[in-house]
Amino acid sequence: MPELPEVEVCRLGISPHIDNQVITDVVVRQRQLRWPVPEQIAEAIGEPILSVSRRSKYLILKVSTGSILIHLGMSGTIRVIDSNLPTIKHDHVDIGFGNGKALRLNDPRRFGAVLWLSNDVDEQGVLSKLGPEPLTDDFHADYLFEKSRKKLVPVKTFIMNNPVVVGVGNIYANEALFLSGIRPTKKAGTLTKKQCALLTNNIKKVLAAAIKQGGTTLKDFTQADGKPGYFAQSLNVYGRAGQPCVTCQTTLKEVRQSNRSSVFCPSCQK
DNA sequence: CACACAACCTGCGAGC
DNA sequence: TGCTCGCAGGTTGTGT
């Protein structure tokens with residue numbers, strides 16, 4: 001389900017329902033997610049949610065004693081539900097609130113995570129190795145240009161690498177490269193300054209547009225209110241291999257990079 | 001250090 | 001109908 005826009009849409013959806021709510025219990029039905037759900041998460045019980053923020057694809061529920069981190073992996077969804085709603089398959093974790101509602105994580109593939117960052121500990125764990133947020137001014141053309149010098153990896157692999165920039169997953173990497181006229185296989189180190197400017201702008205553009213349209217619904221992603229995201233109809237290349245380019249009608253080509261599919265227009269993207 | 005690739009899981013659609 | 005195969009929105013860990 002989630003790249004950055006979907007996580008942000010999720011955050012916007014759940015935040016009004018759980019902000020300031022006191023956590024009354026944490027129910028873990030399946031502890032084995034990407035990492036085991038830590039017992040210390042109980043330190044959050046009795047505390048009100050102070051803020052609901054996001055860093056990269058992590059949702060951060062801040063309380064006075066620390067922060068609950070939630071990552072949705074490939075297949076995770078969270079909904080605010082009545083806490084007595086019967087569970088279904090893969091409903092792994094509930095965070096229950098004083099108002100009878102609960103935040104419920106469902107994640108068939110279990111690549112997601114629920115973690116605890118205690119205020120008592122300095123280290124930021126999974127958050128410590130993350131690059132700049134793409135939608136902030138810290139991510140700009142000169143940064144990408146300098147960072148990519150001498151890099152032999154394909155540009156698509158490069159922009160999907162978290163220490164470089166966070167939140168760019170397979171869908172939006174494909175889309176941003178198409179909009180920039182850059183082939184996914186081009187070596188990152190050969191990007192010109194101008195191409196870096198195009199690429200950074202288009203990454204920002206495509207992510208912001210996707211958030212505005214409620215994310216991309218492929219199979220099961222829904223916004224907090226159950227509506228699908230509408231960005232899927234804006235996709236130019238992702239999932240369109242073999243179909244004509246929207247610009248020049250050339251048949252879109254598919255290659256695999258780092259075991260992920262890349263779709264591009266052999267004519268528009270150099 | 002830089003890069004390639006396997007690993008973690010379940011579900012679904014295609015093809016036989 | 002039912003089997004096997006390949007593929008899926010992410011990230012980390014290992015090996016060369």
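Chain letters run A, B, ... following the sequence lines, proteins first, then strands; residues in each count from 1.
- As a whole-Å value, the separation of Ile159(A) CD1 from dG10(C) C1' is 15 Å.
- dC7(C) and dC5(B) have their P atoms separated by 15 Å, with the value rounded to a whole Å.
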Which pairs would a plain distance check flag for residues 166-175 of chain A, meaning a side-chain donor or acceptor within less than 3.5 Å of a matching protein atom at least two apart in sequence or in another chain?
{"from": "Asn170(A)", "atom 1": "OD1", "to": "Lys156(A)", "atom 2": "NZ", "distance (Å)": "2.6"}
{"from": "Asn170(A)", "atom 1": "ND2", "to": "Ser261(A)", "atom 2": "O", "distance (Å)": "3.2"}
{"from": "Tyr172(A)", "atom 1": "OH", "to": "Glu6(A)", "atom 2": "OE2", "distance (Å)": "2.6"}
{"from": "Tyr172(A)", "atom 1": "OH", "to": "Thr216(A)", "atom 2": "OG1", "distance (Å)": "2.6"}
{"from": "Asn174(A)", "atom 1": "OD1", "to": "Val263(A)", "atom 2": "N", "distance (Å)": "3.0"}
{"from": "Asn174(A)", "atom 1": "ND2", "to": "Asn170(A)", "atom 2": "O", "distance (Å)": "2.8"}
{"from": "Asn174(A)", "atom 1": "ND2", "to": "Ser261(A)", "atom 2": "O", "distance (Å)": "3.4"}
{"from": "Glu175(A)", "atom 1": "OE1", "to": "Asn236(A)", "atom 2": "N", "distance (Å)": "2.7"}
{"from": "Glu175(A)", "atom 1": "OE2", "to": "Asn236(A)", "atom 2": "N", "distance (Å)": "3.3"}
{"from": "Glu175(A)", "atom 1": "OE2", "to": "Val237(A)", "atom 2": "N", "distance (Å)": "2.9"}
{"from": "Glu175(A)", "atom 1": "OE2", "to": "Tyr238(A)", "atom 2": "N", "distance (Å)": "2.8"}

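- With sequence neighbours left out, Arg34(A) forms a salt bridge (Lys or Arg N to Asp or Glu O under 4.0 Å) with no residue at all.
- Comparing atom distances between the Val153(A) side chain and each of dA4(B), dT12(C), dG9(C) picks out dA4(B) as nearest.
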Pairwise N/O distances under 3.5 Å, protein to nucleotides 7-9 of chain B:
{"from": "dC9(B)", "atom 1": "O3'", "to": "Arg110(A)", "atom 2": "NH2", "distance (Å)": "3.1"}
{"from": "dC9(B)", "atom 1": "O2", "to": "Arg109(A)", "atom 2": "NE", "distance (Å)": "2.9"}
{"from": "dC9(B)", "atom 1": "N3", "to": "Arg109(A)", "atom 2": "NH2", "distance (Å)": "3.3"}

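- In terms of position on DNA chain C, the residue among Lys57(A) and Lys129(A) whose nearest nucleotide sits closer to the 5' end is Lys57(A).
- Scanning for side chain to side chain contact (heavy atoms under 4.5 Å, CB included) contacts around Lys194(A) gives Thr192(A), with sequence neighbours left out.
- The distance between atom CZ of Arg260(A) and atom C1' of dG6(C), rounded to the nearest whole Å, is 15 Å.
- Applying the salt bridge (Lys or Arg N to Asp or Glu O under 4.0 Å) rule to Asp120(A) yields no partners; only residues at least two apart in sequence or on another chain are considered.
- Residue-level contact check: Thr157(A) touches neither bases nor backbone, having no heavy atom under 4.0 Å from any strand.
- Checking the phosphate oxygens (OP1, OP2) of dG9(C), no side-chain nitrogen or oxygen of Tyr172(A) falls inside 4.0 Å.
- Partners of Asn201(A) under the side chain to side chain contact (heavy atoms under 4.5 Å, CB included) rule, at least two apart in sequence or in another chain, do not exist in this structure.
- Here Asp107(A) lies out of heavy-atom contact (under 4.0 Å) with every strand.
- Checking the phosphate oxygens (OP1, OP2) of dA8(C), a side-chain nitrogen or oxygen of Ser261(A) falls inside 4.0 Å.
- For DNA chain C, each stem of at least three Watson-Crick or G-U pairs (distances under 3.5 Å) is given as range with range: B:2-8 with C:10-16, B:10-16 with C:2-8.
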For residues 60-72 of chain A, which side-chain donor-acceptor pairs fall under 3.5 Å, sequence neighbours excluded?
{"from": "Ser64(A)", "atom 1": "OG", "to": "Glu47(A)", "atom 2": "OE1", "distance (Å)": "2.7"}
{"from": "Thr65(A)", "atom 1": "OG1", "to": "Glu43(A)", "atom 2": "O", "distance (Å)": "3.1"}
{"from": "His71(A)", "atom 1": "ND1", "to": "Gly73(A)", "atom 2": "N", "distance (Å)": "2.8"}

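- What separates CE of Met160(A) from P of dC3(B) is a distance of 16 Å, to the nearest Å.
- In the set dT12(C), dA8(C), dG9(C), dA8(C) carries the atom at the smallest distance from any side-chain atom of Glu254(A).
- If you measure from atom CG of Leu4(A) to atom P of dG10(C), you get 11 Å, rounded to the nearest angstrom.
- Judged by closest nucleotide on DNA chain B, Lys150(A) is the one of Lys150(A) and Lys89(A) placed further toward the 5' end.
- Between Trp35(A) atom CH2 and dG10(C) atom P there is a gap of 14 Å when expressed in whole angstrom units.
- Rounded to whole angstrom, the span from the NZ atom of Lys156(A) across to the C1' atom of dG10(C) amounts to 12 Å.
- Atom P of nucleotide dG10(C) and atom CG of Asn170(A) are separated by 6 Å, given to the nearest angstrom.
- The CD1-C1' distance, from Ile171(A) to dG10(C), rounds to 12 Å in whole Å.
- Between His90(A) and dT10(B), a side-chain N or O to OP1/OP2 separation shorter than 4.0 Å is absent.
- Partners of Lys212(A) according to the side chain to side chain contact (heavy atoms under 4.5 Å, CB included) rule, which considers only residues two or more places apart in sequence or in another chain, do not exist here.
- For the P atoms, the distance from dC9(B) to dT14(C) is 15 Å, rounded to whole Å.
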